[in-house]
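Structure first, commentary second.
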Amino acid sequence: MNFNSNYEELFYQSLRIRMIEEKIAEIYPTDKIQSPVHLSIGQEAVAVGVCHHLKKTDLIYSSYRSHAYFLAKGGDLKAMLAELFGKYDGSGKGKAGSMHLADKSIGMMGSSAIVASTISHGVGSAFASKLLKKEQVVVTTFGDGATEEGSYHESLNLASVFSLPVIFICENNGLAIHSNESQRHAYTIHQHAASYNIKTTYIKEGYDFELIADAMYNIIQDVRENKRPHFVEIKTYRYREHVGIADDHNVPYRSQNEYETWKKMDPLILDQKMVTAFKSEISREIDAAVEFAELSPYPPASELLNDVY
Amino acid sequence: MNFNSNYEELFYQSLRIRMIEEKIAEIYPTDKIQSPVHLSIGQEAVAVGVCHHLKKTDLIYSSYRSHAYFLAKGGDLKAMLAELFGKYDGSGKGKAGSMHLADKSIGMMGSSAIVASTISHGVGSAFASKLLKKEQVVVTTFGDGATEEGSYHESLNLASVFSLPVIFICENNGLAIHSNESQRHAYTIHQHAASYNIKTTYIKEGYDFELIADAMYNIIQDVRENKRPHFVEIKTYRYREHVGIADDHNVPYRSQNEYETWKKMDPLILDQKMVTAFKSEISREIDAAVEFAELSPYPPASELLNDVY
Amino acid sequence: MVSIYSKPVTIKSLSYRNALLQSMSNALSQHSHVIIMGQGVDDHKGTFGSTLGLAEKYGKMRVFDIPLSEEGNTGMAVGAALNGVYPIQTHIRTDFSLLAMSQIVNMAAKYKYMYGGHFNVPMLIRLIIGRSWGQGAQHSQSLQSLFAHIPGLQVIMPSNAYSIMSSYDYAVNHYKGPVISFEHRILYDIEFNENVVYDADPFNSKKVREGSDVTIVATSIMVIEALRAADYVQKTLNLNCEIIDLHSVSHMDKKLILDSVKKTGKLFVADTSWQAYGVAAEISRLICEEDPSILKAAVVSIGMQPAPCPTTQSLEKLFYPSIYDFISKLTFLITGKTHIPDENKISEGYKKFKGPF
Amino acid sequence: MVSIYSKPVTIKSLSYRNALLQSMSNALSQHSHVIIMGQGVDDHKGTFGSTLGLAEKYGKMRVFDIPLSEEGNTGMAVGAALNGVYPIQTHIRTDFSLLAMSQIVNMAAKYKYMYGGHFNVPMLIRLIIGRSWGQGAQHSQSLQSLFAHIPGLQVIMPSNAYSIMSSYDYAVNHYKGPVISFEHRILYDIEFNENVVYDADPFNSKKVREGSDVTIVATSIMVIEALRAADYVQKTLNLNCEIIDLHSVSHMDKKLILDSVKKTGKLFVADTSWQAYGVAAEISRLICEEDPSILKAAVVSIGMQPAPCPTTQSLEKLFYPSIYDFISKLTFLITGKTHIPDENKISEGYKKFKGPF
Ligand SMILES: Cc1ncc(C[n+]2csc(CCOP(=O)(O)OP(=O)(O)O)c2C)c(N)n1
Ligand SMILES: Cc1ncc(C[n+]2csc(CCOP(=O)(O)OP(=O)(O)O)c2C)c(N)n1
Ligand SMILES: [Mg+2]
Ligand SMILES: [Mg+2]
């Protein structure tokens, strides 16, 4: 694709992710995807902005909510959908499913359904990068809820003590399942993170892919050159329910108002001209990928006990 | 005992603890105490100052380095020494040993050899105190090393989110075994703790039992009345090796100079008049307790499988 | 320990979920020192319905959501228990309890013994085993063997609604130590119609079917599978299975098992986890150390395949033993002959779990 | 798997500690991507001597002390392994690994399978089992069964210096997955004089003594106890014990064990942990599921008593099986007669451990 501007490119990528997830939501009731799905609809700009200036050789770790990162880091859509369908051509041969997307070839190193479990992996890979002089930066992404886990504290301390080229991305959608951040946090995430002697950036415009990408440009450069961690908190908003596909704003754990406010700032809603420009092309790509996933075979029984050690 | 001043009383208690631990060091080579001992020599003022204004019904949790707390909270010396000797009259019937001193009757609720494991217990007991309206404060003490553990972070957050009457005492001797704080901490303990929206006090004069007791007086009152946590970091210095009885200043992991500096501020060394005044009385008490411990029987074989559930 | 049956009850139909909800509600209403703490216990899903509405009724000091910090939360529960509270802690997946292992194993399990018997840590930890709909490797584990290896823990796997009622009542009202209970997610939707009887010792293993041809020892949802298989082989082949609902995997009723195997000479073990170092292993030890000659055939055991759980349905269905596997292996054990189960004659099982959670 | 002996070596005398130090040093010198991380690995005690001087030699980027954060550290090791480093992680007591269970069980063990075989997590976790001198409940656990239950982990218990040499060499140079190795603290001080041979598969179980009267399967330091007991009953009563050093508790050599028990008809299991859901259980399952009739007598097993470890020496000595227990139970199993061991005829064991650590 040729784009006329950075904005266009980032828009395209964000829209593509949204349309892919909307397609997943459309397919879900057919039971073809038998795997819990955690959609990033509303949060796409974060993944797109974070990954834009990363190199293919840079690494990224994510959580169960990882479709957006998989795609933004350059993951193959066909392999992703096949994976969700539980098929052999999936990125994890069907063994992974939606919660465990990964692809070594693009530096997407893992996504885990144990909250906060990949934060320390980012630290470790950054250690390896430094020791082996790889000039790689490593990104590890997680939600606001993940910051409550002990290993989060441990990881921030380790990264700072050893001065490692790791970028922590806290994607703060204000919710852990149905629980609000204020109920769970005595601290303010980026302020608390700063107490580990880590440089910190707070971005409250989580819908603004350009702003995020620009901020990341400088951060990535600093981390790569100076081999030291950086912490980024990005405020964002989850449009759908925690797991599954529904809009659950009917449940009073959060407010419809907040939702409307976020939507009013969402370029993917605001800029319908761009949407129209890209929509059909993206649809075609998605349809082809869905067909690929449908046609891909299930893994053979022989795979059951393969790769255990 | 009658004391002419607060100073005298606190001095007496600190001296008593030191003399008891020196006696333990004296006995240790005989192998009568077959249990790893972690001495508080040099750190006594912390325990004495912290416990002085606690009520018997207030609770305290500690680590494997807990002789001083056990005694300062009012624990029975005979029961403690018998415990170290592995005897049936010990506070834990000999099953506990030096690392697990506890006595429910004085609110000494446990001491654990898993670093940081009792921090959350303090939080939980404070929760119970609040729920059951006990008007108790709960103290949990731990070292600087313990702050590196994930559950430390979790505990601070929990205490603050639920606004619980718990006092965190971080006894910072600058060392975790042979490792210096600066190697291990990207953060400054009390500053980091403050980021949890917890009131924080930093006391660098860990030898000054009066200053500590006075600070604790206010803290205890605030925590009891307002049912909210407080965090206290107290700088102190460990005179002996981490575990065992030797002076290991010959090993270059720390400096002899630092040791000399701390000794120059230590009232138990400076105020020889007081030492002379109390020494023989304390010695008598200790000798009687040692005799008690010696004479106490070992637990019978029937105890082996008792109290497992 | 031998089961002494008593107090027959005649509740007609009760789902596992409602038994849980009722147990939780009973505990809270009977004792002001009982609390429920866990992620989502107070939300509109209420831990898959098992704590629904309780926060509203008993207040948010007693039924509360808790930050994501399993080790700290468990330590908090231990500390609360040491100061007069009875904490009921929930983990919506068993897998998350691995983050709390040190508190459970190093602290809760040892608190009484380690300090010479002066302290008790009465508490209940509810762990939900996930299965189906692509739960995958990290939301499907069934880690009872890890806990059952540790002295000081009472580890139970209630297989039906009545077992929940009696076990949780006993845990809260009588037992003084930490109880780890494994609840199978698939059981939640099942209604239990039979009149099951309360037991004098609700943590004990129970014989749930008399028979003479084989002894089936089963845990959790595998008890239901065992009943279906037994039903089938009875109707179809006139074979009589004796079934023991193991229930407590840490304190199994050795005599009950040994007496049964002595009678039948054959043992079939159906557990929810991997077999290595699992329930079949421990029961094998029990028999081998008592008298291996009571076994007239090799033991057969079923459980998870020795791999992490794959997400795709095509492999997941091979990962867990099906009722066909169960019946064919069982039949072969009893008769020495191959039998191909007739699908139409297998009694209805539980509904297929439809995701996502 | 059958052991194929090869590459005989003739090193004369080597302590367990020196074997460890040499293995660590070899790994560091052979590969620039090997690191050692753990509390105190770079201090003047050097993990009980097993890492002494290595930080000075290989630099503190490669041999380094690490903050007290087991879960985070293990995750860091996993992440490093995923990016080209071979991490060797140490825990000075096994008990501390309970804080890292989620990383080990939920992540390291599953990394390869869960993502479809595309990733490997080669790493070695060294866990030291404490014993004696009042280690107490939290510094004495031997948690191999917990790990061995989990598919994806290779769990070994090297019983001697040569086993360390070959296993760690194999782990670092050939094996692609996570290895959990249990090193018994008491073994550190022992010198091994025999010419032991390297094995083609260093993770495999090994027959270390031929005999016909009984099969002893032992782990870690219990192998030494088994050799002493076998020696005694041979000299004193002319009884011949076959001894299998189990070594890998997760991937035991089933054929080796079954063949031996078929020959001797009798099985004695000596492990370092509690017996419930432990090594004796798993070996019992193996036999029961294969052919229980090969057992001509009830299996005997020894291990820790079913309680947390008491600190006082008076109970601690009852908590662990003594060599007298071992010999008398062994003799009774073989002969059916009571025998009171003659202390003077028991070969010298290891030195008593003198604390504090
Ligand atoms: C260790 C662990 N505890 C609990 C859960 C259950 N759980 C899954 S997602 C989630 C909320 C996490 O919130 P956050 O980190 O903010 O991520 P988000 O889902 O908002 O992207 C919880 C509690 C889990 N998967 N892992
Ligand atoms: C979870 C855990 N990890 C490691 C150890 C080994 N260890 C015992 S004491 C100690 C140092 C703790 O330092 P600190 O908390 O500062 O307490 P101090 O000994 O200085 O009083 C370590 C690492 C342990 N006991 N528990
Ligand atoms: Mg969130
Ligand atoms: Mg310290």
Side-chain angles (χ1 to χ4, degrees), chain B residues 28 31 33-38 64 83-88 90 92-100 112-117 143-152 176-180 183-186 241-245 248 251-253 297-301 303-308, chain D residues 38-47 60 64-75 91-100 102-103 130 132-141 274 304-320 352-357:
Chain B
Y28 207 61
D31 292 357
I33 298 173
Q34 295 199 10
S35 178
V37 292
H38 300 75
Y64 48 88
E83 190 56 43
L84 267 65
F85 278 68
K87 299 299 184 68
Y88 205 32
K93 295 189 186 153
K95 289 177 176 175
S98 164
M99 299 200 288
H100 305 300
S112 164
I114 303 298
V115 171
S117 60
D144 48 305
T147 67
E148 296 147 29
E149 288 285 359
S151 66
Y152 166 76
I177 309 188
H178 310 118
S179 168
N180 279 280
Q183 283 174 254
R184 295 175 279 114
H185 292 184
E241 61 185 339
H242 168 73
V243 57
I245 60 167
D248 65 349
V251 186
Y253 74 91
Y298 283 106
E303 272 295 335
L304 181 63
L305 298 181
N306 247 1
D307 292 326
V308 178
Chain D
Q39 281 143 26
V41 294
D42 62 352
D43 71 14
H44 60 285
K45 303 236 168 146
T47 322
K60 63 192 172 109
F64 53 93
D65 188 54
I66 191 120
L68 265 151
S69 42
E70 287 76 7
E71 177 77 5
N73 299 347
T74 307
H91 292 278
I92 53 177
R93 283 293 179 273
T94 303
D95 315 67
F96 311 154
S97 68
L98 288 165
L99 284 159
S102 181
Q103 278 299 330
S132 299
W133 205 266
Q135 298 296 310
Q138 297 173 330
H139 276 52
S140 59
Q141 289 172 96
W274 297 294
M304 293 177 180
Q305 289 292 313
C309 179
T311 299
T312 178
Q313 44 176 313
S314 77
L315 297 177
E316 195 192 61
K317 74 170 186 259
L318 303 173
F319 179 74
Y320 294 106
K352 255 196 105 166
F353 179 74
K354 185 144 166 6
F357 258 71

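Each chain gets a letter, A, B and so on, in the order the sequences are listed, and its residues count up from 1.
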**Message:** Would the distance check show the side chain of D:T311 and the main-chain N or O of B:K95 forming a donor-acceptor pair, the cut-off being under 3.5 Å?
**Reply:** yes
**Asked** Can you tell me if D:Q138 uses its side chain to pair, donor with acceptor, with the backbone of B:A113 under 3.5 Å?
**Response** yes
**Item:** Residue D:Q135 versus chain B: region with a heavy atom under 4.5 Å
**Value:** both
**Prompt:** Tell me, side chain or backbone of D:L99 under 4.5 Å from chain B's heavy atoms, or both, or neither?
**Reply:** side chain
**Message:** Nearest 0.5 angstrom please: D:I66 CD1 to B:E148 CD, how far?
**Reply:** 10.0 Å
**Prompt:** Can you check side-chain contact (heavy atoms from CB on, under 4.5 Å) on B:I177 and D:D65, steps first, answer last?
**Reply:** CA-CA 11 Å; B:I177 309 188; D:D65 188 54; over 6 Å; no
So for [X], is it side chain, backbone, both, or neither that comes closer than 4.5 Å to the heavy atoms of chain D?
X      : answer
B:Y64  : neither
B:V251 : side chain
B:I114 : both
B:A116 : neither
B:P252 : neither

**Message:** With heavy-atom distances below 4.5 Å as the criterion, would you say the side chains of B:L305 and D:P306 are in contact?
**Reply:** yes
**Message:** I'd like to check B:D31 versus D:W133 (side-chain heavy atoms, cut-off strictly below 4.5 Å). Are they in contact?
**Reply:** yes
**Prompt:** Between B:A146 and D:L68, which heavy-atom pair has the shortest distance, and what is it?
**Reply:** N-CD1, 4.2 Å
**Message:** Please verify the inter-ring angle class for D:H44 with B:Y253; under 30° counts as parallel, over 60° as perpendicular, anything in between as tilted.
**Reply:** parallel
**Complete:** Those residues at least two apart in sequence (or on a different chain) that pass salt bridge (charged side-chain N to carboxylate O under 4.0 Å, His left out) with D:E71 are none
**Fill in**
B:A96 meets the side chain to side chain contact (heavy atoms under 4.5 Å, CB included) criterion, sequence neighbours left out, with B:E83, B:H100
